[in-house]
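Here is how names work: the chains are called A, B, and so on, in the same order as the sequence lines, proteins then strands, and each is numbered from 1. Atom set for the values below is all heavy atoms of this structure, side chains included, hydrogens, waters and symmetry mates excluded.
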Protein chains: 4
Amino acid sequence: MPRLQEKRAEETKAAIVAAAKQLFGEKGYEAVTMREIAKEAGCSHTTIYIYFKDKETLLHHLSVPPLEELRGRMETAASEPGASAVERMQKLSRVFIEFCLGNRGLYGIFFGVNSERVDTASPSSEINRLRLGLFNLLRRTLGEALGLPDGERLLACSRIYFYQIHGIAATYSHSKESADALMERLTPTFDEAVAVLMLGFNALQSNKEVGKQ
Amino acid sequence: MPRLQEKRAEETKAAIVAAAKQLFGEKGYEAVTMREIAKEAGCSHTTIYIYFKDKETLLHHLSVPPLEELRGRMETAASEPGASAVERMQKLSRVFIEFCLGNRGLYGIFFGVNSERVDTASPSSEINRLRLGLFNLLRRTLGEALGLPDGERLLACSRIYFYQIHGIAATYSHSKESADALMERLTPTFDEAVAVLMLGFNALQSNKEVGKQ
Amino acid sequence: MPRLQEKRAEETKAAIVAAAKQLFGEKGYEAVTMREIAKEAGCSHTTIYIYFKDKETLLHHLSVPPLEELRGRMETAASEPGASAVERMQKLSRVFIEFCLGNRGLYGIFFGVNSERVDTASPSSEINRLRLGLFNLLRRTLGEALGLPDGERLLACSRIYFYQIHGIAATYSHSKESADALMERLTPTFDEAVAVLMLGFNALQSNKEVGKQ
Amino acid sequence: MPRLQEKRAEETKAAIVAAAKQLFGEKGYEAVTMREIAKEAGCSHTTIYIYFKDKETLLHHLSVPPLEELRGRMETAASEPGASAVERMQKLSRVFIEFCLGNRGLYGIFFGVNSERVDTASPSSEINRLRLGLFNLLRRTLGEALGLPDGERLLACSRIYFYQIHGIAATYSHSKESADALMERLTPTFDEAVAVLMLGFNALQSNKEVGKQ
DNA sequence: CATGAATGAGGGTTCATTCAT
DNA sequence: AATGAATGAACCCTCATTCAT
């Protein structure tokens with residue numbers, strides 16, 4: 001009954017993942033060394049290679065579950081019943097922002113980086129797939145909220161919307177304040193940002209329709 | 001006649017700065033080596049150490065002038081006569097975005113960075129001062145455009161505005177497309193983003209005023 | 001009933017030896033890892049250490065049987081009835097060459113080696129013994145083929161003969177072609193090499209006898 | 001006048017080359033580490049990278065000059081006036097063998113290895129070119145000595161000849177005796193080997209001609 | 001002023017080997 | 001008997017930096 005050993009192994013792996021997550025988050029992918037991660041995880045640096053083929057693989061194993069959880073939470077927020085369009089978008093945005101602030105530096109890895117590796121390998125492309133999925137979810141939800149069909153118009157609005165929440169995350173992703181503190185302090189601002197955008201989108205819409213007449 | 005030597009020295013220093021600016025801009029701080037900079041500048045890598053204590057110092061000496069130039073250009077844009085409020089903000093934003101995309105790697109340094117080093121050294125704080133200056137310029141201009149007095153209200157709007165343009169810069173700061181190509185392709189979107197925000201701000205204003213009545 | 005266990009153990013050991021033999025043969029000693037051997041043998045890499053103190057020991061335990069088999073086959077070839085002297089030597093050589101090419105990496109270990117380790121351990125000396133045995137077999141057979149008594153003369157001829165077949169083996173021991181392919185393509189050349197040597201030995205003999213007269 | 005520095009640099013480089021030559025020779029390419037070489041050369045291991053891009057480059061820079069010198073010496077031997085065919089071949093062979101024994105382990109690198117890298121890069125291919133050049137020189141000289149035209153016949157003879165001298169080199173390339181000692185002790189045998197081959201080639205020739213009649 | 005030479009610290013990764021189960 | 005977990009030593013290589021000229 002090698003249960004005990006198995007458990008130990010999973011603990012080690014978890015410790016590695018946790019350490020890597022924290023360090024990547026704090027200092028960025030490149031700046032973190034395998035040895036640092038190992039020390040933080042309380043094991044030898046070679047042990048990491050038992051569980052992860054290399055540094056990049058570690059990163060990706062680290063990135064996928066959180067991103068999938070984020071997707072789940074965003075989907076929930078997007079389909080919340082009995083909420084106005086604006087409220088839904090605000091919830092969606094809060095979920096996204098909170099995730100980014102809770103994962104700090106990792107965030108930079110998810111949404112920055114790697115333009116040059118998009119095409120190369122599979123691990124990276126899985127992240128890209130997830131990224132794209134998030135963006136599509138955003139677009140769909142925004143389309144419903146604005147009553148816009150798929151198309152250039154909606155795409156442009158989605159981009160603008162994405163810039164906004166991406167900008168929020170980016171702005172605070174290096175702050176020393178905790179995610180909780182930031183959320184508490186700034187949620188009104190974030191909500192207002194969403195409200196402003198929605199108002200603006202609608203106003204633009206009206207203008208154009210008026211223009212058409 | 002030490003004039004000649006002095007001049008030569010100035011030239012060398014300028015070459016180093018230019019090379020570093022370009023390379024940091026293209027590839028980011030970490031990815032550039034001192035030897036690369038030296039080769040691009042046409043001197044030995046040891047020469048760099050004559051003018052700059054170390055790599056980081058070089059970076060900071062390098063960051064200030066572009067940021068100051070940016071400030072200048074933004075100020076010009078902000079005070080352009082005979083332009084509507086929206087147009088002024090759009091110009092301002094384009095200047096900012098173009099700068100960020102044209103300086104890629106540098107951009108990450110100006111607006112990302114270094115929570116842990118903000119307090120350490122002085123050069124960093126100069127960057128912070130400049131950063132703050134830019135934000136104030138933005139706020140002032142936006143205040144004028146919206147007819148808002150200084151205060152919480154304007155601050156919130158400025159933040160939201162900043163998120164937007166920061167998000168734009170962040171989104172494309174890792175793209176492989178050239179700054180020019182990106183600007184050509186996306187300027188309409190960027191302008192629209194500004195327009196949407198302005199519409200939204202105004203709409204919010206009206207709502208509130210209506211609410212007050 | 002420890003019989004069953006013992007049998008299982010024998011099987012495992014045999015599997016390890018077989019795997020190691022194949023892999024060392026294919027890729028050479030250094031290029032093969034213990035884990036590779038274990039995987040090929042269908043056991044854990046730690047199991048290997050139950051049967052063999054370390055990698056080197058495994059190598060030596062591995063080397064002896066093939067060499068003994070080679071000796072057996074060479075003896076058979078040497079005493080083939082109803083064959084001319086030249087044919088016997090050709091057969092003998094083919095057996096040797098085929099063995100070397102079929103065992104590639106191993107070959108280098110048998111005949112290359114390790115000047116610095118010859119004296120260290122005993123296992124090596126067993127290999128040396130076998131090596132010597134092979135050489136003696138060669139000499140004896142050649143002596144019969146040439147009608148030469150033991151002595152300096154025969155020794156010199158044997159050496160020359162050995163250089164030839166050793167050279168053949170060495171030449172192709174790094175080729176990527178399979179042993180079979182090489183044998184098919186080059187057997188005529190190898191046979192001719194032997195024929196040339198035998199003709200040469202005989203001619204030399206005649207010359208000397210003529211000289212004596 | 002940086003002459004002094006230049007001189008120092010060349011000394012260092014020479015020391016590295018010498019150390020690498022010795023160590024590669026003693027222990028083989030793979031078994032030698034850059035740090036070992038550096039220690040032997042009396043410098044830091046990073047210094048090696050100033051002069052040589054990487055380990056393989058070092059090897060090749062190390063291999064080419066000796067091989068070219070060998071070629072020169074073999075050409076001289078091949079064209080020695082007033083020598084019989086056999087004598088010329090003997091001289092040629094002695095030069096080759098002496099070189100191999102004098103360069104021990106390096107020899108294994110020149111004439112063993114790297115079938116798999118023949119196609120990859122340039123450095124390796126330069127060695128291959130040299131190797132081929134030597135073989136062609138051998139073939140040409142042997143053709144003249146035997147009065148054979150270019151063709152399959154000569155090619156087969158050349159191969160057999162090459163096996164012989166390659167076998168000699170291989171046989172003693174791991175011996176602990178010095179090159180000089182070996183040459184002194186075994187030159188008669190080597191010469192005889194050549195003589196036997198030449199006799200054999202000629203005899204074979206006669207046989208065939210007789211057969212044709 | 002400017003440079004080539006030289007280095008130490010450290011990067012990711014591999015591997016034979018040991019330990020606890 | 002057999003295994004998975006874990007490790008330390010070592011490998012090749014890079015880089016910012018210093019020293020002597």
Report yes or no: does [X] contribute a side-chain atom to a donor-acceptor pair with the main-chain N or O of [Y] at less than 3.5 Å?
| X | Y | result |
| --- | --- | --- |
| Tyr29(A) | Glu56(A) | yes |
| Thr47(A) | Cys43(A) | no |
| Ser63(D) | Leu59(D) | yes |

How many Å lie between [atom1] on [X] and [atom2] on [N], as a whole number?
| X | N | atom1 | atom2 | result |
| --- | --- | --- | --- | --- |
| Lys55(A) | dT13(E) | NZ | P | 8 Å |
| Met34(D) | dT14(F) | CE | C1' | 12 Å |
| Ile37(D) | dC11(F) | CD1 | C1' | 12 Å |
| Ile48(B) | dG4(E) | CD1 | C1' | 14 Å |
| Leu59(B) | dA16(F) | CG | C1' | 15 Å |
| Leu58(B) | dT17(F) | CG | C1' | 14 Å |
| Lys39(D) | dC11(F) | NZ | C1' | 15 Å |
| Glu30(A) | dT14(F) | CD | P | 16 Å |

Practice task
Give a yes or no on this: more than 12 heavy atoms of other residues, nucleotides or ligands lie within 6.0 Å of atom CD of Glu10(A).
Solution key: no
Handout entry: Lys55(D) to Tyr49(D) six-membered ring, cation-pi geometry met (6.0 Å, 45°)
Key = no
Handout entry: side-chain N/O Tyr49(C) vs dC19(E) OP1/OP2, d < 4.0 Å
Key = no
Handout entry: dA2(E) phosphate, OP1 or OP2, under 4.0 Å from Thr12(B) side-chain N/O
Key = yes
Handout entry: Side-chain donor/acceptor contact of His45(B) with base of dT3(E) under 3.5 Å
Key = no
Practice task
In plain terms, say whether Lys39(D) and Glu36(D) are close enough for a salt bridge, that is, a side-chain N and a carboxylate O under 4.0 Å apart.
Solution key: no
Completion exercise
Between Lys13(A) and Asp54(D), whichever has its closest DNA chain F nucleotide further toward 5' is Lys13(A)
Handout entry: Closest-nucleotide 5' rank along DNA chain F - winner of Ser44(A) and Gly42(C)
Key = Gly42(C)
Exercise for the section: Please work out whether the ring planes of Phe52(D) and His61(D) are parallel, tilted or perpendicular, with thresholds of 30° and 60°. Expected result: perpendicular
Completion exercise
Pairs under 3.5 Å (Watson-Crick or G-U), crossing ones as [ ], inter-strand ones as |: DNA chain E comes out as .||||||||||||||||||||
Nearest to side-chain heavy atoms of [X], which nucleotide of [options]:
| X | options | value |
| --- | --- | --- |
| Arg35(B) | dA6(F), dG12(E), dA16(F) | dA16(F) |
| Tyr51(C) | dG12(E), dT18(F), dA1(F) | dA1(F) |
| Thr33(D) | dA16(F), dG8(E), dA10(F) | dA10(F) |

Practice task
For Thr46(D), answer base if it contacts any base atom (sugar-phosphate contacts may also be present), sugar-phosphate if it contacts only those atoms, and nothing otherwise; contact means non-hydrogen atoms under 4.0 Å.
Solution key: base
Practice task
Using a 4.0 Å heavy-atom cut-off across all strands, classify Thr47(C) as base, sugar-phosphate, or nothing.
Solution key: base
Handout entry: CG on Leu67(D) to CZ on Arg129(D), rounded to 0.5 Å
Key = 10.5 Å
Problem - Position toward the 5' end of DNA chain E (nearest nucleotide), Ile50(D) or Ile50(B) - result: Ile50(B)
